[in-house]
Chemist: 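Quick one: this structure, given as structure tokens, is what I'll be asking you about.
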Amino acid sequence: MGFEPTISCVTGMRFKPAKLRPRVQIIITQNNLVYNKNMSLMHKNMNNQKVSELLRAISAAYEIKGPKANRFRTVAYDNAADAVEHLGSEIKDIWQEGKLEEISGIGESIAQNLSEVFEKGSSKHFKAILSDLPPSMFELVKLNGIGPKRAYQLSHELGISAKNSIVDLEKQAKAGKIANLEGFGRESQADILKAIADYKTRQPDRILLPQAQKIADEILSWMKKCKKIDQIKPLGSLRRKASTVGDIDIAVATEVPGKVLDHFTKYPKVIRILEKGKHKASVVLVNNIQVDLIVMDPDSFGSLLQHFTGSKHHNIALRNYAKDKGLSLSEYGIRTKNKLYKFKTENDFYKFLGLDYIPPELREDMGEIEAARQNKLPSVVKPRDIKGDLHLHSNFDIETSHDLGVDSMLHMIKKADGLGYEYLAFTEHNPSQSGHSESDIVKILKRKRDKIMRLNENKNYSRVKKVFNSLEIDILPDGSLPVSDKGLETLDFGLVSIHSSFKKTRAEMTKRVLRGLDHPKVKIFAHPTARILNKRESVELDWEKIFQFCLDRGKWIEINAAPKRLDLPDYLVREAVKAGVKITLGTDAHEVSAMDNIAYGLAVAARGWAKKSDIINTRSLKDFEKLI
DNA sequence: GCCGTTTTCGGCCCGACTGTTTTCAGTCG
């Protein structure tokens, strides 16, 4: 994919001119079955996941129809599906803005057809491609080990029904019907039954980083019992510190791969071995998490780290880049015409290609290869660069309707001291409006201010020099704040955030947030998308407007480091930083131990290409005080 | 079907594992 991507706001996509043209509506019929609205691959109200599924279906259709002629078309549709899956905003919104073709991987043809789907509920061209394929096959490809061709063959030859396709397939397998099909056998039939069992118990969500880390740590301590291991390292999206992780990837350097793989598949939490060869094995654990392990000769461990860390798109881009130089990359090393160069470290691998070392967090094919070539990669911000935590909840009873923290201010200050911070800010939720008059609220806030003043007077910590009196203030549905000017006057500065009415339109939500940010005491927009990973979608906002407002008015945007939030998300951090908007890091800790989560916030900052200078709380106390 | 500071035409990453095969196709990451 590309160099020098010009990423436009909101979506993380390259800029290309857009031309769109809608057409007509079609209803799909197949095997005497009419797709109803829920089952259809196409209807007017498609979300990103549905569009992605549709594009994969078209890809599969091309693969079946003419593998040779359509091989690259298949890849193109797959790439488009990937692109849609990883979009930061709803594709329907992008369509409404006429910007479909700005998405890298979506060109004139796909954009035109998607427009037709959004407008009419179907596309003539897509419909034609899908028309002679059994609908059930698009369900069957969701099974592990079943791709387009087998799915087609199964659906076609067994007459799998469009409704309950997988249940139907299971019946046929149990009846022994699959073993008789050409190209299948008893083993395949048994594998399909296992794949169906896996499918039924499959964890629907990707897991959060700390959970993935814990699972990986447990496997690592099991693997370390095997004495034949030189080095072992978790890779994949866990190493890239993506906000969620699908499966766990582990690399091992060893001289005796067989012994290591045997030990791995004997891990007590393994419930099923998906595959096991000479170089790698895949297993499913009791919690239905898949773990892939690859072994490699220690001399080539560097190239394995590179290969298995990914991302897929980074590797493809890197291999294309190398290909132009007459080189071929793989997990074994770098091949020229007549020689294989091996690498013990990733650093040497990238160096051989004429590139700076690319930190794992940046390996997403977002321009990092070209930046590495020009020595223009941002350097990753380290924990020791952070001088204070700007989002903390103590147990000081502020009579809020939201949750209080569980630990005392003093306890949290001591923790901050241990982390080497110079300052911190207590940002309990605002006192509730119900049951409190305006003057009650001011009284409570003064009580808190006095408490913090006393803490600042009686300092007996070695590093922390100042405690700031702040507050996390709800942005009410109309954009007003539940604290009066008099109340806000007690603060050093305020955070604002959304905790209700998440479903407003983009325009309404943007207006609401801008109003909430308007007050001069308000400095930070906290957990700005309000998403909770796996639980709640992001709110819709016009980020260009938000960023511009922040720039004009000297407001900052938070990266909330709580693992369930990681909000602002990485792709929006990238946009914010490009726009020149300053970022703050806060853990939103409600207990002392959660203050360590700052590391997750730093990962988001790195993935968003934020430099030290982009992050407000890398400033010394003196500089920070000037800013507020 | 998509894409481009070597290209608007001519390319499109690379390899492991499995089952059903007698040398490979399909699937996956």
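Per chain, numbering begins at 1; letters A, B, ... match sequence-line order.
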Chemist: A:Glu182 CD to B:dT20 P: how many Å, rounded?
Modeler: 12 Å

Chemist: When the C1' atoms of B:dG11 and B:dA16 are compared, how many Å lie between them, rounded to an integer?
Modeler: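 Rounded to whole Å, the distance is 26 Å.
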
Chemist: My understanding is that a pair needs two contacts under 3.5 Å, Watson-Crick or G-U wobble. By that rule, which nucleotide pairs with B:dT8?
Modeler: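 Check on B:dT8: unpaired, no WC or wobble geometry under 3.5 Å.
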
Chemist: Hey, are A:Asp78 and A:Arg56 close enough for a salt bridge, meaning a charged N less than 4.0 Å from a carboxylate O?
Modeler: yes

Chemist: Nearest-Å distance, OH (A:Tyr77) to P (B:dC3)?
Modeler: 12 Å

Chemist: Filter on side-chain hydrogen bond (donor to acceptor under 3.5 Å, both in side chains), then keep only pairs touching residues 176-188 of chain A, sequence neighbours left out; what's left?
Modeler: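 Pairs touching residues 176-188 of chain A that pass the test: none.
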
Chemist: Expressed as a whole number of angstroms, how long is the span from A:Leu143:CG to B:dT18:P?
Modeler: 19 Å

Chemist: Using heavy atoms to find the nearest nucleotide of DNA chain B for A:Gly185 and A:Ile110 separately, return the residue whose nucleotide is more 5′.
Modeler: A:Ile110

Chemist: What is the distance from CG of A:Asn79 to C1' of B:dG1, rounded to the nearest Å?
Modeler: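 Computing the A:Asn79:CG to B:dG1:C1' distance gives 10 Å.
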
Chemist: Starting at the 5' end of DNA chain B, which residue's closest nucleotide do you reach first, A:Ile129 or A:Gly183?
Modeler: A:Ile129

Chemist: For B:dC12 and B:dC17, measure between their C1' atoms and round to the nearest Å.
Modeler: 24 Å

Chemist: Taking the basic N atoms (NZ, or NE/NH1/NH2) and the acidic carboxylate oxygens, is any pair closer than 4.0 Å for A:Asp356 and A:Lys351?
Modeler: no

Chemist: So, is B:dT22 syn or anti if syn means the angle is within 90° of 0?
Modeler: anti

Chemist: Rounded off to whole Å, could you give me the CZ-to-P distance for the A:Arg71 and B:dC2 pair?
Modeler: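 So the two atoms are 18 Å apart, to the nearest Å.
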
Chemist: Looking just at side-chain N and O atoms, do A:Ser136 and A:Ser155 make a donor-acceptor pair shorter than 3.5 Å?
Modeler: yes

Chemist: Mind running a 4.0 Å heavy-atom check of residues 229-265 of chain A against DNA chain B and sending the residues that fall below it, in number order?
Modeler: none

Chemist: In chain order, what residues pass the side chain to side chain donor-acceptor pair (under 3.5 Å) check against A:Arg335, with sequence neighbours excluded?
Modeler: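 Residues passing side chain to side chain donor-acceptor pair (under 3.5 Å) with A:Arg335: none at all.
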
Chemist: Considering only the C1' atoms, how many Å lie between B:dC28 and B:dC13, rounded to the nearest integer?
Modeler: 14 Å

Chemist: Between A:Gln203 and A:Asp205, does any side-chain donor sit less than 3.5 Å from a side-chain acceptor?
Modeler: no

Chemist: Enumerate the residues from residues 292-304 of chain A whose closest heavy atom to DNA chain B is under 4.0 Å, giving them by residue number; use none for an empty result.
Modeler: none

Chemist: Tell me, which of residues 268-281 of chain A have any heavy atom that sits under 4.0 Å from an atom in DNA chain B?
Modeler: A:Glu275, A:Lys276, A:Gly277, A:Lys278, A:His279, A:Lys280

Chemist: Considering just the side-chain nitrogens and oxygens of A:Gln290, establish if one lies under 4.0 Å of OP1 or OP2 belonging to B:dG29.
Modeler: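 It does, given that an N or O in the side chain of A:Gln290 lies less than 4.0 Å from OP1 or OP2 of B:dG29.
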
Chemist: Report which part of the nucleic acid A:Ile146 touches: base, sugar-phosphate, or nothing (heavy-atom distance under 4.0 Å, all strands).
Modeler: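 Here A:Ile146 touches the backbone only, sparing every base.
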
Chemist: Rounding to an integer number of angstrom, what distance separates B:dT5 and B:dG1 when you compare their C1' atoms?
Modeler: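 After rounding to an integer number of Å, I get 24 Å for this pair.
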
Chemist: Per the ring-ring contact (aromatic ring centres under 6.0 Å, His included) rule, what does the pair list look like for residues 155-193 of chain A, sequence neighbours excluded?
Modeler: A:Tyr152-A:His156

Chemist: Below the 4.0 Å mark, does B:dG1 have OP1 or OP2 next to a side-chain nitrogen or oxygen of A:Ser109?
Modeler: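 For B:dG1, OP1 or OP2 has a side-chain N or O of A:Ser109 closer than 4.0 Å.
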
Chemist: Mind checking what makes side chain to side chain donor-acceptor pair (under 3.5 Å) contact with A:Tyr350, not counting sequence neighbours?
Modeler: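 Result, side chain to side chain donor-acceptor pair (under 3.5 Å) vs A:Tyr350: A:Gln306, A:His314, A:Arg363.
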
Chemist: If we count only N and O atoms by modelled type, under 3.5 Å, do the side chains of A:Gln374 and A:Glu370 hold a donor and an acceptor together?
Modeler: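 Side-chain D/A pair, A:Gln374 to A:Glu370: present.
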
Chemist: Nearest-Å distance, OH (A:Tyr321) to P (B:dT6)?
Modeler: 11 Å

Chemist: Would you please name every residue forming a side-chain contact (heavy atoms from CB on, under 4.5 Å) with A:Ser303, sequence neighbours left out?
Modeler: A:Ser300, A:Phe349

Chemist: If the condition is side-chain contact (heavy atoms from CB on, under 4.5 Å), which residues does A:Thr244 pass it with, not counting sequence neighbours?
Modeler: A:Arg206, A:Leu208, A:Leu533

Chemist: Roughly how far, to the nearest 0.5 Å, is CD of A:Gln172 from CG of A:Leu154?
Modeler: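 Between A:Leu154 CG and A:Gln172 CD, I get 9.5 Å after rounding to 0.5 Å.
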
Chemist: Where along residues 192-201 of chain A does a heavy atom fall under 4.0 Å from DNA chain B?
Modeler: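 Those residues whose heavy atoms fall under 4.0 Å from DNA chain B, taken from residues 192-201 of chain A, amount to none.
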
Chemist: Would you compute the distance between atom CG of A:Asn79 and atom CD1 of A:Ile103 and round it to the nearest 0.5 angstrom?
Modeler: 13.0 Å

Chemist: Work out how far the P atom of B:dC2 is from that of B:dT6, and round it to whole angstrom.
Modeler: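 Rounded to whole Å, the distance is 24 Å.
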
Chemist: Please report the distance separating the P of B:dG26 from the corresponding atom of B:dT21, rounded so that it comes out in whole Å.
Modeler: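 After rounding to an integer number of Å, I get 13 Å for this pair.
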
Chemist: Which pairs, protein N/O on one side and nucleotides 11-14 of chain B N/O on the other, fall under 3.5 Å?
Modeler:
| unit_1 | atom_1 | unit_2 | atom_2 | d |
| --- | --- | --- | --- | --- |
| B:dC12 | OP1 | A:Lys323 | NZ | 2.7 |
| B:dC13 | O2 | A:Arg319 | NH1 | 2.4 |
| B:dC14 | OP1 | A:Ser328 | OG | 3.4 |
| B:dC14 | OP2 | A:Lys323 | NZ | 3.4 |
| B:dC14 | O4' | A:Arg319 | NH1 | 3.2 |

Chemist: Pick out which of A:Arg240, A:His313, A:Lys312 makes a side-chain hydrogen bond (donor to acceptor under 3.5 Å, both in side chains) with A:Glu364.
Modeler: A:Arg240

Chemist: Taking the P atom of each, how far is B:dT8 from B:dG15, in whole Å?
Modeler: 29 Å

Chemist: Anything under 30° is parallel, anything over 60° is perpendicular, the rest tilted; go ahead and classify A:His125 against A:Tyr62.
Modeler: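 It falls in the tilted class, 30° to 60°.
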
Chemist: About how many Å separate CD of A:Glu170 and OG of A:Ser165, when rounded to the nearest 0.5 Å?
Modeler: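 The distance works out to 13.0 Å.
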
Chemist: So how far is it from A:Lys564 NZ to A:Leu209 CG, rounded to the nearest 0.5 Å?
Modeler: 15.5 Å

Chemist: What is the distance, rounded to the nearest whole Å, between atom CZ of A:Phe308 and atom C1' of B:dC28?
Modeler: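 Those two atoms, CZ and C1', are 11 Å apart.
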
Chemist: Side chains of residues 221-235 of chain A: which donor-acceptor partners sit under 3.5 Å, not counting sequence neighbours?
Modeler:
| unit_1 | atom_1 | unit_2 | atom_2 | d |
| --- | --- | --- | --- | --- |
| A:Ser221 | OG | A:Glu218 | O | 3.0 |
| A:Trp222 | NE1 | A:His263 | O | 3.0 |
| A:Trp222 | NE1 | A:His263 | NE2 | 3.3 |

Chemist: Just the rounded figure in Å: distance from C1' of B:dG26 to CG of A:Leu140.
Modeler: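 About 15 Å, once rounded to whole Å.
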
